There are 2 protein chains.
Amino acid sequence: MRVLGDPLRMRIVSLLARETLCTTHLVAETGARQTNLSNHLKVLREAGVVETEPCGRFTYYRLRPEALDAVSASLAELAATARATGAADNRRAC
Amino acid sequence: MRVLGDPLRMRIVSLLARETLCTTHLVAETGARQTNLSNHLKVLREAGVVETEPCGRFTYYRLRPEALDAVSASLAELAATARATGAADNRRAC
DNA sequence: TGCTAACGTCAGTCCGTGTTGATATCAGTG
DNA sequence: CACTGATATCAACACGGACTGACGTTAGCA
């Protein structure tokens, strides 16, 4: 959740959703410096959002759908409980 | 998405999912200063994540489930496309 | 075996933004 | 009407984290 808060990282995630890419492609697509991307990719990797596949001197990055599904599900659950408390008008007295 | 990246804001959202609360309660629950919470609540309000209901000199904050559902759905869609590209082994050549 | 291109790491800078204190406002309450 | 408590706004401040430049490493290729 926290790691998806950064705009550039969300951009990376969107791009990787459609294609498996390597760093060079991401540099070309986003216009960001290679070093900067490498940092963000490290964050995404350590968060389990993406996984790498070394291919010669290239490194392909692929999205892990489970990670996105997990946050999506937890947000959906929050929305469901919120809907329930709204329907029950469950409020704490002051 | 961006607004949900902050830990304190996610905390607020979690609390509001279960109960409709006013600022005082949130101060007690989170331990954060009133001013700080007011700022975060403003951000959430302007993002359409929460809505307010003035009640005398109190202000109740309630979660808007549609907002959470929206981000949840968009993440789920990203996950779906990612799964499809993974299955098709859709990668860009270097 | 030199050369280049791809990628990661490190240390430092810089900026956005979360945090705070002071202040204003408004609603109850005595 | 004076007073207190709830909340929002404003103007700094501080700090984490995004961004950068320099460098090291590895893999292909001539």
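Only a predicted model underlies this, so the values are computations on that prediction, with no experimental measurement involved. Letters A, B, ... are given to chains in the order of the sequence lines, protein chains preceding strands, and every chain is numbered from 1.
- Atoms CZ and OG1, on B:Arg9 and B:Thr30 in that order, are 13.5 Å from each other to the nearest 0.5 Å.
- Per the geometry, CG belonging to B:Leu37 stands 15 Å off C1' belonging to C:dG21, to the nearest Å.
- We find that CG of B:Asn39 is positioned 13 Å from P of C:dT17, with the value rounded to whole Å.
- Rounding to the nearest 0.5 Å gives a distance of 10.0 Å between CG of B:Leu21 and CG of B:Leu41.
- Atom pair A:Asn36:CG and D:dG21:P shows a separation of 11 Å (rounding to whole Å applied).
- Across all their heavy atoms, B:Glu19 and A:Thr85 have their closest contact at N-CG2, 4.3 Å.
- Minimum interatomic distance between B:His25 and A:Ala93 (heavy atoms only, all atoms of both residues): NE2-O, 3.1 Å.
- Listed by residue number, there are no residues of residues 17-32 of chain A with a heavy-atom contact under 4.0 Å to DNA chain D.
- Taking 4.5 Å as the limit, every side-chain heavy atom of A:Asn90 sits out of range of all side-chain heavy atoms of B:Thr20.
- Atoms OG1 and CZ, on A:Thr59 and A:Arg45 in that order, are 8.5 Å from each other to the nearest 0.5 Å.
- Salt bridge status for B:Arg83 with A:Asp69: present, with a side-chain N to carboxylate O gap under 4.0 Å.
- The distance from atom CG of B:Leu41 to atom C1' of D:dT9 is 14 Å, rounded to the nearest whole Å.
- Between A:His40 and D:dG17 there is no side-chain polar atom (N or O) within less than 4.0 angstrom of OP1 or OP2.
- At least one side-chain nitrogen or oxygen of A:Tyr61 sits closer than 4.0 Å to the OP1 or OP2 atom of C:dG8.
- Within residues 4-13 of chain B, the residues having any heavy atom under 4.0 Å from DNA chain C are, by residue number, B:Asp6, B:Leu8, B:Arg9.
- As rounded to whole Å, 15 Å separates atom C1' of D:dC19 from atom NZ of A:Lys42.
- Between A:Glu53 and A:Arg62, at least one side-chain nitrogen of the basic residue sits less than 4.0 Å from a carboxylate oxygen of the acidic one, meeting the salt-bridge criterion.
- Residue A:Arg33 contributes atom CZ, which lies 18 Å from atom C1' of C:dT9 at whole-angstrom precision.
- Interatomic distance, A:Leu16 CG to A:Leu26 CG, rounded to the nearest 0.5 Å: 5.5 Å.
- The 12-atom threshold is exceeded at CZ of B:Arg92, counting heavy atoms of other residues, nucleotides or ligands nearer than 6.0 Å.
- For the atom pair CG (B:Leu37) and OH (B:Tyr61), the distance works out to 9.5 Å, reported to the nearest 0.5 Å.
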Per-nt protein contacts along nucleotides 22-30 of chain C (heavy atom under 4.0 Å; B base, S backbone sugar-phosphate only, - none) come out as B----SS--

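- Here the P atom of nucleotide D:dG17 and the CZ atom of B:Arg2 are 13 Å apart, to the nearest Å.
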